[in-house]
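The next block holds one structure in the form of structure tokens; read it before the comments.
Computed from a predicted model, the values in this text were never measured in an experiment. Per chain, numbering begins at 1; letters A, B, ... match sequence-line order.
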Amino acid sequence: MEAVSVIIPTLNEGENIGRLIEQINTTLFYNNIPYEIIIVDDHSIDNTRALVRHLLERFPMKLKLKKGAPGKAQSLLEGFSYAKYEIICMIDADLQYPPEVIPQMLSKIGNGADIVVANRNYAKASFLRNVISKTFSTIFGRLIHGMKVDVQSGLKVFKKEIIERLEINPSPWTFDLEFLKKSVEAGYDIDSVSIDFSKRIYGKSKINFIKSSWEIGVQALRLKFQKSEEIPFHPKVQMKKGFGFHYKGKEYVLHSSLSPKETAFKRLTLKQKNIIVTLIALLAAGIILNWHTTVITLIALLTTLYFADLLFNLMLIVRSFTKPAEIVITEHETRKIKEVSWPSYTVFCPLYKEWKVIPQFVNAISHLDYPKNKLQVMLLLEEDDRETIDAIKNIELPYYFEIAIVPNSFPKTKPKACNYGLTLAKGDFAVIYDAEDIPDPLQLKKSVLGFAKSDPNIVCLQAKLNFYNSKQNLLTKVFTAEYSLWFELILTGLQSINAPIPLGGTSNHFKTEALRIMNGWDGFNVTEDADLGIRLVKNGFKTAIIDSQTLEEANSNLKNWFHQRSRWIKGYIQTYLVHTRDLKTFLPERRAFNVMALQLLIGGKILSLFINPLMWAITITYFVLRPIAGHFISSFFPAPVLYLGVISLVAGNFLYLYYYMIGCAKHGHYSLIQYIFLVPFYWLAMSIASWIALIQLIMAPHYWPKTKHGLHLDQEQTINVAFATDNKQYVSPSYGQNAHI
Amino acid sequence: MKNYLKKVNVFFSEHENISLLAYLTITSIAATLYFYIHNEILLYNDARSHLDIARRIVDSLTPGITQIGSIWLPLYQLFQVPFIWNTFLWHSGLSGSIVSGFSYIGASFFMYKILKRLTNSTIISLIGLGIFSLNPNLLYLQAVPLDEVLTLFFINGSLYFLLAWAETKSLYSLVLSSLFVFLGSLVRYEVWMLIIFEVGYIFSLVKQKDNDDKSGTVESYIILFSTLAFFGILIWLVFNFLIWHNAFYFLDSQYSAQSQQSLAVKTGALKTHNNIALSLLVYASDVLENTGYLFGILAVVALIYLLLKNGKTYIKLFYVVTLAPAIFDVVSLFKGETVIYTSFFPSPQTDQVFNTRYGIIGLIPITIILVSAFFVIEKKFKRKIIFYLFLTIIILENFLYFYLTSPINIIDGLNGISSFSKSNNIYMANIIKNNCSQGLTLVSAGKNESGMFTTMLPMKSFIYEGSGDYWNKALSNPQSMATCIAMTNGDVAYQNFVNKQELLQSYRIIFNSSGTIIYKKK
């Protein structure tokens with residue numbers, strides 16, 4: 001059994017301490033348990049210290065005079081700090097707790113428990129003590145905090161790392177509850193043993209029952225309403241598992257040292273909550289005092305936002321045409337470099353229950369025109385995804401493929417897997433591809449050259465994404481149009497004005513070192529790509545668009561689309577909330593511009609998704625019920641608001657629709673242009689998804705509803721087109737067979 | 001001298017755009033000052049109406065966007081809003097002149113760019129620019145509050161980018177061509193025809209290239225172009241529907257051109273109605289009077305030559321597209337929806353000219369065709385004599401012919417039916433100004449717009465069709481709000497009040513002449 005440090009707080013226990021030490025020694029010595037006893041004396045005025053001093057030579061003992069504030073709690077904390085063994089036992093000096101049970105408690109620690117509490121059996125105690133203790137235990141321990149152990153028990157055995165990890169600030173008599181509650185939140189297991197609690201024979205109790213019960217009761221309630229905190233791993237655990245923490249008992253392993261404050265782990269900061277509450281209060285007060293003017297003001301604000309968004313997008317589209325900023329590398333340029341000169345490149349491919357698309361991915365990667373000995377292709381599998389882990393054993397992977405099993409932990413997200421991958425990455429450059437991706441074969445070479453010929457501050461290159469199954473059904477057609485607009489016009493427009501670029505989910509190429517400086521991805525953000533794009537700007541880095549394409553699978557199933565879209569919107573909300581926590585985290589240079597861009601690009605986009613249906617409904621109601629409600633509705637639109645609103649409604653909706661057409665045409669998706677007239681229905685679906693996202697953000701902020709991939713696999717034609725479209729030199733893979741490269 | 005010319009050439013090629021804009025700005029300001037000093041800015045009835053409509057957006061009993069009217073397309077009036085609130089710019093007509101002046105600069109700039117794209121010759125394009133920008137009729141129209149030059153600007157812009165698209169297949173050019181024609185479609189109806197021709201042009205070019213059309217490219221180009229190009233028309237139809245509950249109100253209301261001409265059609269006074277040959281002749285004569293006879297005739301020959309000779313199809317088709325607005329006017333004459341009287345075909349009743357300015361649109365195809373033909377011939381024969389001959393023709397035409405006579409559009413403004421000084425509105429304006437300035441005057445704007453302007457009274461002194469509830473109440477109970485009622489034979493007020501004896505209990509007639517009656521409250 002492991003050695004134990006026994007901590008005994010004393011105050012005028014001269015009649016008991018000697019007996020207790022004897023009993024402890026007898027118990028531990030005869031059970032072959034190495035131990036030390038640490039007496040922390042709270043300035044006793046009897047002979048306690050003299051007795052202890054007398055025993056110091058006989059037993060492995062230390063006597064410490066308490067330095068801090070009076071009370072048992074402080075004595076314990078000081079005692080813990082003197083402990084040299086990894087297991088700690090705390091025991092009251094009044095001889096009411098039998099030390100003979102300590103070996104049993106240590107044995108439970110040996111069997112996996114982190115804390116063992118001696119539950120008191122009050123048969124031998126006084127009736128009053130019995131009633132008070134049981135009442136306390138039931139109300140404050142069991143009912144309020146859900147503790148199934150005797151919280152106030154004066155005999156506990158636990159691992160020293162717990163006390164090293166936890167920050168405990170008890171009042172004189174409230175160590176126990178805070179310790180146990182925080183231990184549970186830190187993910188520790190609590191076990192118990194039963195003991196007979198004896199009557200005190202010698203000395204007097206130091207407890208004033210009424211006072212201490214009140215103190216404990218207040219503390220119990222305070223703890224109940226105290227905000228839970230993230231409790232970082234003990235350094236020893238961190239060495240083993242990587243950076244992580246516990247929160248409300250759940251273990252989170254991030255594989256990144258990104259501070260939780262910079263992540264979407266928490267939805268709102270206190271400041272943000274205050275702002276929201278203030279705004280709601282102002283709105284409510286306005287409605288009570290003068291509801292009509294309040295509604296007009298609200299509509300005016302929203303209309304201004306719409307109008308600003310309209311102008312911003314118009315500027316982006318014009319800029320993307322007139323000042324094309326994307327990096328263009330020709331095939332000829334790539335041919336000039338000798339094969340041996342290319343740097344090493346890591347390709348991350350996070351996979352979760354999508355082993356069916358692996359052959360396609362292997363095929364796509366094998367067609368990358370890049371020296372294979374410089375490639376490290378890392379398939380990131382989740383430990384709990386047995387299905388994929390088993391399936392992949394049957395696939396013959398090329399030598400430059402590696403399999404990395406991401407240990408099972410929260411959060412279960414793609415960025416967490418990528419962070420794990422980053423710890424193993426060997427490449428000078430790194431890129432993420434989804435399993436269903438088919439990148440331009442020259443993309444890696446273009447990326448390397450793109451980095452070489454651009455501003456050193458550009459540490460991320462985003463390739464353009466599009467779909468190979470765009471013609472699969474109506475949904476994929478409109479989805480393709482949306483992607484074409486985003487990657488062909490909006491992102492290039494953003495780059496042209498040096499604005500933050502929310503990255504696309506895949507095909508973002510990084511200088512690996514910069515990615516490490518950035519502490520990788522936010523494992524809690526379900527659109528970690530968008531978040532990283534903003535974070536790059538905050539760190540003085542830049543993103544550029546590279547003229548190279550990756551084809552993906554467009555979501556062809558409406559339900560699946562809703563899953564994916566609501567996740568994206570949830571992630572955008574997370575990103576917005578994270579980056580507006582403290583606007584000073586944007587670098588002073590161009591701060592105002594970047595903050596404004598964030599508001600319009602992310603904040604405005606999200607808000608408009610929520611508000612759009614309302615605005616459409618108002619417009620339709622106005623025209624349909626004009627004789628009845630026309631006057632009433634128009635009373636909310638004074639002339640300037642009306643004009644801005646009409647321009648935003650007519651020009652805004654039209655222009656957005658038209659941008660989709662231009663995006664399609666720019667990409668060469670001519671046959672899709674006619675389907676753009678269906679886009680308003682798509683917008684409506686996006687608004688529905690935004691409400692789903694909001695509910696998810698509240699109920700399950702870090703939940704990642706996995707988008708099903710491979711829905712195109714039963715369409716042989718689609719697959720053939722996929723390889724033929726972008727990679728003209730490809731020979732269509734024979735599907736259904738494992739590709740051997 | 002040669003060195004000096006070389007230096008000029010180098011400077012121009014390095015600063016082409018800025019040089020052009022500087023030249024055009026100076027020309028525009030000079031011409032406007034000239035016509036302003038000669039009190040010729042407000043000659044036209046329609047000029048005054050354009051100013052009034054624009055002013056009512058900011059100054060009326062019910063100001064706002066709904067004041068942009070419903071017959072004339074709205075963009076010219078809307079572009080005046082930044083200036084029209086200023087009473088001096090409104091009363092002087094300069095708020096319209098500013099818009100027309102900018103339009104002139106834009107129209108001429110794009111004309112140069114079209115010619116440069118067609119000929120790739122700076123000197124020949126500059127000659128074409130001279131033909132276009134120094135045309136006295138155009139110089140007059142760019143100085144006055146009329147919407148023709150704004151139309152030319154958008155047409156030229158659209159044609160330039162269409163040509164650029166035809167040559168480069170640049171998406172950006174296609175979108176910009178569509179954008180310009182969209183804007184033009186909200187200025188004058190002639191542009192609606194241009195849209196149809198441009199769609200046909202795109203169709204034929206894409207179809208020619210992509211014969212099997214497996215990828216749906218043809219439809220896609222057409223949808224991409226048409227969606228924006230036709231959007232202006234859609235907005236206008238919706239606007240008419242929302243305001244007047246009739247999407248075609250501009251076409252068939254009592255103030256529409258169609259209705260205005262219907263009486264003339266019925267009495268047979270509109271000779272062009274159902275007579276295509278005469279329609280063509282009338283319009284051709286109008287164009288010739290606007291552009292100069294020599295240019296006009298040469299251009300017809302040049303067009304035949306260019307279409308028959310071997311050449312690129314997309315350029316030949318482009319020439320045809322430039323004719324679209326003119327074709328619209330011919331069709332309008334044929335259908336009896338518009339009326340033009342020229343020196344060759346004057347009004348049968350009064351022997352005056354009317355609406356001659358419509359022919360200015362012909363300046364676009366004539367300049368393009370003429371310069372293109374000259375370029376082809378010059379290139380073919382490589383003789384300097386041809387160059388000098390062409391230059392002589394231009395000088396003769398522009399500087400001798402025009403400046404020895406008077407531009408037709410000034411004649412129309414001074415003595416034509418378009419002239420304000422020849423209309424009854426001048427009497428109405430004086431009576432209202434002297435008798436009704438203290439209260440509200442009920443008047444139908446549809447027929448008396450220029451009279452309202454000439455009173456120089458604020459627009460909120462009038463109750464007219466655009467006054468919403470005021471108008472409806474005043475029609476049923478004028479005593480409750482109108483100090484004066486002014487009416488002209490045939491207008492809404494006239495139909496409502498003429499011979500209404502009970503009105504005389506509250507009002508007395510203070511003017512009654514040539515179909516204009518004015519009542520004033522007792």
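Within 6.0 Å of the CG atom in B:Asp469, the count of heavy atoms belonging to other residues, nucleotides or ligands does not exceed 12. B:Trp85 CH2: 12 or fewer foreign heavy atoms inside a 6.0 Å radius. In A:Lys605, the NZ atom is crowded: over 12 heavy atoms of neighbouring residues, nucleotides or ligands sit closer than 6.0 Å. More than 12 heavy atoms of other residues, nucleotides or ligands shown are found within 6.0 angstrom of CZ on B:Phe83. Heavy-atom contacts from other residues, nucleotides or ligands closer than 6.0 Å to OH of B:Tyr470 number 12 or fewer.
Contacts of residues 617-653 of chain A with chain B at a heavy-atom distance below 4.5 Å involve A:Phe623, A:Arg626, A:Tyr643, A:Val650, listed in sequence order.
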Just list the side-chain donor-acceptor pairs under 3.5 Å for residues 223-242 of chain B, sequence neighbours left out, or say none.
residue, atom, partner, partner atom, Å
B:Ser226, OG, B:Ile222, O, 2.7
B:Thr227, OG1, B:Ile223, O, 2.5
B:Trp236, NE1, B:Tyr189, OH, 3.1
B:Asn240, OD1, B:Phe250, N, 3.2
B:Asn240, ND2, B:Trp236, O, 2.9

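Nearest heavy atoms, A:Ser671 versus B:Ser220: N-OG, 3.8 Å.
How far OH of A:Tyr658 is from CZ of B:Phe182: 10.5 Å, rounded to the nearest 0.5 Å. Atom OH of B:Tyr172 is separated from atom OG1 of A:Thr322 by 5.0 Å, given to the nearest 0.5 angstrom.
Interface remark: B:Ser173 contributes no atoms to any contact with chain A (heavy atom separation under 4.5 Å).
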